[in-house]
Amino acid sequence: MSAAETDYDLVVVGGGVNGTGIAMDAAGRGLKTLLCEMNDLASATSSSSSKLIHGGLRYLEHYEFKLVRQALAERESLLRNAPHIMWPMRFRLPYQSHLRPAWMIRTGLFLYDHLAKRELLKGSNSIRFNGNSPLVPEITRGFEYSDGWVDDARLVVLTAKAAEEKGARVMTRTRCERAERSGDHWSVTLNDRLTGKSETITCKAMVNATGPWVSALFRESLNIPAPKQIRMVKGSHIVVPKIHDEPEAYILQNADERIIFVIPYEDDFSLVGTTDVDYEGDPKKAVISDEEVDYLIGIVNDYFRNKLTPDDVVWSYSGVRPLMDDEGGDAQKASRDYTFEVDGGDDKAPLISIFGGKITTYRKLAEAATDRICEFFPNAGPNWTRSAPLPGGDFTSQDDLLNEFKISYPWLPTGLAQRYVRTYGTRTRTLLDGCESMEDMGHHFGANLYAREIDYLTGHEWAVDAEDIVWRRTKLGLRLTAAELSSIRDHLANQPARPSAVSTA
């Protein structure tokens, strides 16, 4: 490659929700942007959330009114911009007088309803539980309020796709091996972890958005002291056969002042979480403990008639959240707010490092960080992401889009068409381009996963291995057998090798 091809305005390290958000925003403002991620997109914290777009009702108890207000306002923007991968959800909070008094809950819900403008979401109300309730008979009262559900990993992938379509270069399985500041630019060495090849590029500014690795990157690649440390907190979830048949989620209080969500998940399951446990070590090695499983099951069994045992757990996942280390005390009280540190400026190439954050405020964080970056690029365009649909999100109603697909693809089974609506939105048309029957979809691997979809994901969404496909691009891993997964791996192994992410020039 020529020097012009390897000289960037901005390099973003980290392919989670914050890194992809900044890359998308910066590329849309006209900055020549490169994003590198050492593994798959959303392969760590950003695919291990509770899958919620929410203001954080419990953060009000910790007086984080600014964070809650921002998150509540962002719910509306995100729900409009990505109606295929997120949608409104009602939450039921069973009342138990010995845990929190009713006046406190009503006050919290009043603030939740009014701290930010609501247009898409209903307000809160009191409810009564009757004999048909899935809850134990002793619980007769409760409250309802609104938040949103999100496919967190797809949010990251689609944000990266938007960045690419705005001109960014997106490099997965590519490690930032070394970055050295030389006056007004950075020299950055990138290593393709699949081929072993390395490439050196230059840029005028860098962003460290590596989540749990944000402090480690300073030591391992930048060779400069980290401006602050993060607090790593492990959050674990379990997935079980659905506990009840209602469309609402439940938010359960516990005597330790924590709350646990029970969320309808992938039609046939319930998602239960999360825990908050301080964590040390490699974030990629975080797994749920037996104690966490027992903790989650114990709370569910205190509330629901349908009792769980550890044998009911069909899947679990754990993620390490990089929270700002600004206070001691319980892990659940560590702030979910964000900050960024700027090193450099004037004649010294800037480095912006992101600390903390949560999925709901990712767009706002990216906008604020990009605003700061653009102080070094006076010709950059204005912010633009607040009302910009993510790829596939240029429609208003899932039902209307599904009806369009029934007309355009009458041969497509309704259940599969509905999954495509909720996964790809209008990009389903690209996936199905040229198909006129199910035979054109190619080999069926199980759980309504066809070769055509796999090839779309490897060709358009940076999927490389079976885990990328069945756990992050979809959640079909919940339904596929070991033999079917092996068949998917064989199919991927027989595909042409992808071009190296880095140049050998």
Side-chain angles (χ1 to χ4, degrees), residues 17 20-21 24-25 28 41-42 46-47 49-55 71-91 116-123 145-163 165-166 247-249 263-267 271 358-364 366-367 384-409 412 414-432 453 456-457 460-461 472-475:
V17 72
T20 56
M24 175 182 75
D25 198 331
L41 297 167
S46 293
S47 60
S49 76
S50 296
K51 324 298 182 192
L52 298 180
I53 293 294
H54 66 134
L72 289 172
E74 281 298 293
R75 293 180 312 180
E76 299 275 331
S77 294
L78 296 179
L79 288 166
R80 283 191 172 93
N81 293 347
H84 45 336
I85 60 166
M86 48 183 94
W87 49 85
M89 182 174 282
R90 291 292 279 178
F91 287 75
K117 184 179 179 181
R118 278 183 300 106
E119 294 180 353
L120 300 177
L121 298 173
K122 290 171 55 179
Y145 68 95
S146 294
D147 262 323
W149 186 92
V150 62
D151 186 328
D152 51 6
R154 288 210 58 74
L155 174 65
V156 175
V157 171
L158 295 179
T159 302
K161 191 68 181 173
E165 292 177 357
K166 290 292 184 180
E248 294 86 6
I263 305 165
Y265 191 62
E266 297 296 313
D267 297 328
L271 174 65
K358 61 197 295 283
I359 280 183
T360 307
T361 53
Y362 96 100
R363 190 208 63 83
K364 191 69 176 177
E367 184 176 78
W384 61 280
T385 60
R386 184 172 181 80
S387 59
L390 288 177
D394 49 340
F395 66 97
T396 55
S397 163
Q398 288 190 4
D399 288 340
D400 289 348
L401 187 61
L402 179 60
N403 288 332
E404 286 183 34
F405 288 168
K406 287 179 178 179
I407 295 170
S408 300
Y409 313 105
L412 193 66
T414 298
L416 183 56
Q418 186 173 49
R419 181 169 74 80
Y420 286 170
V421 166
R422 292 189 171 190
T423 307
Y424 308 106
T426 58
R427 295 296 170 97
T428 301
R429 299 187 181 104
T430 303
L431 190 159
L432 297 177
E453 184 174 2
Y456 173 85
L457 292 172
H460 294 265
E461 293 193 1
R472 286 184 284 277
R473 306 308 185 278
T474 73
K475 294 297 183 287

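Each residue takes its place number in the sequence, starting with 1.
When side chains are defined from C-beta on, Ser77 does not count as touching Lys364, because their heavy atoms never get closer than 4.5 Å. A heavy-atom distance below 4.5 Å is not found between the side chains of Met89 and His54. Looking only at side-chain heavy atoms (C-beta outward), Tyr409 and Leu416 stay at 4.5 Å or farther from each other. Counting heavy atoms from C-beta on, the side chains of Ser47 and Val156 never come closer than 4.5 Å. In this structure, Asn81 and Thr385 have side chains that are not in contact, with every pair of non-hydrogen atoms separated by 4.5 Å or more. With contacts defined as side-chain heavy-atom distances shorter than 4.5 Å, the pair Arg80/Glu119 qualifies.
In this structure, Met86 CE and Ile53 CD1 are separated by 4.5 Å, a value rounded to the nearest 0.5 Å. Here NZ of Lys161 is found 11.0 Å from CG of Leu41. Values are rounded to the nearest 0.5 Å. Note: Glu165 CD to Leu390 CG = 10.0 Å, rounded to the nearest 0.5 Å. The line from CD of Gln418 to CG of Leu412 is 11.5 Å long, rounded to the nearest 0.5 Å. For the atom pair Tyr145 OH and Phe91 CZ, the distance stands at 5.5 Å (nearest 0.5 Å).
Test Glu76, Glu367, Glu74 against Arg386 for salt bridge (charged side-chain N to carboxylate O under 4.0 Å, His left out) and you get one pass: Glu74.
Glu266 is linked by a side-chain hydrogen bond (donor to acceptor under 3.5 Å, both in side chains) to nothing, counting only residues two or more places apart in sequence or in another chain. Scored by the side-chain hydrogen bond (donor to acceptor under 3.5 Å, both in side chains) test, Tyr420 finds no partners at all (sequence neighbours excluded). Asp394 is linked by a side-chain hydrogen bond (donor to acceptor under 3.5 Å, both in side chains) to Thr426, counting only residues two or more places apart in sequence or in another chain.
No donor-acceptor pair under 3.5 Å is formed between the side chain of Thr361 and the backbone N or O of Ala71. Side chain of Arg118 to backbone of Leu121: a donor-acceptor contact under 3.5 angstrom is found. Counting only distance, with no hydrogens or angles, the side chain of Asp25 and the backbone of Gly21 share no donor-acceptor pair below 3.5 Å. In this structure, Lys475 contributes its side chain and Asp151 its backbone to no donor-acceptor pair below 3.5 Å. For the pair Arg154 (side chain) and Thr423 (backbone), a donor-acceptor distance under 3.5 Å is present.
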Run the side-chain contact (heavy atoms from CB on, under 4.5 Å) check on Leu401 and Gln398 step by step: do they pass? CA-CA 5 Å; Leu401 187 61; Gln398 288 190 4; 5.8 Å; no
Asp147 vs Leu52, test: side-chain contact (heavy atoms from CB on, under 4.5 Å). Steps then yes/no. CA-CA 8 Å; Asp147 262 323; Leu52 298 180; 6.0 Å; no
Walk me through it: do Val150 and Thr360 pass the test side-chain contact (heavy atoms from CB on, under 4.5 Å)? CA-CA 9 Å; Val150 62; Thr360 307; over 6 Å; no
Tell me, with the steps shown, if Asp152 and Val17 meet side-chain contact (heavy atoms from CB on, under 4.5 Å). CA-CA 8 Å; Asp152 51 6; Val17 72; over 6 Å; no
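Between Ile263 and Ser50 the shortest heavy-atom distance is CD1-O, 3.4 Å. Contact record, Ser46 with Ile359: O-CD1, 3.9 Å, taken as the closest heavy-atom pair. In plain terms, the two heavy atoms of Pro264 and Pro247 that are nearest each other are CG-O, 3.5 Å. Considering all non-hydrogen atoms of both residues, Leu158 and Pro391 come closest at O-CD, 3.3 Å. Of all non-hydrogen atoms in Ala417 and Leu402, the two that sit nearest each other are CB-CD1, 3.7 Å. Heavy-atom minimum distance, Arg90 versus Ser146: NH1-OG, 2.7 Å.
By the 30° and 60° cut-offs, the orientation of the rings of His84 relative to Phe395 is perpendicular. Using bins of under 30°, 30° to 60° and over 60° for the plane-to-plane angle, the ring pair Tyr456/Tyr424 lands in the perpendicular bin.
A salt bridge does not link Arg472 to Glu461: none of the charged nitrogens lies less than 4.0 Å from a carboxylate oxygen. We find that Arg419 and Glu453 are joined by a salt bridge, their nearest charged nitrogen and carboxylate oxygen being less than 4.0 Å apart.
In summary, the side chains of Thr159 and Tyr362 do present a donor paired with an acceptor at a separation below 3.5 Å, with no hydrogens or angles considered.
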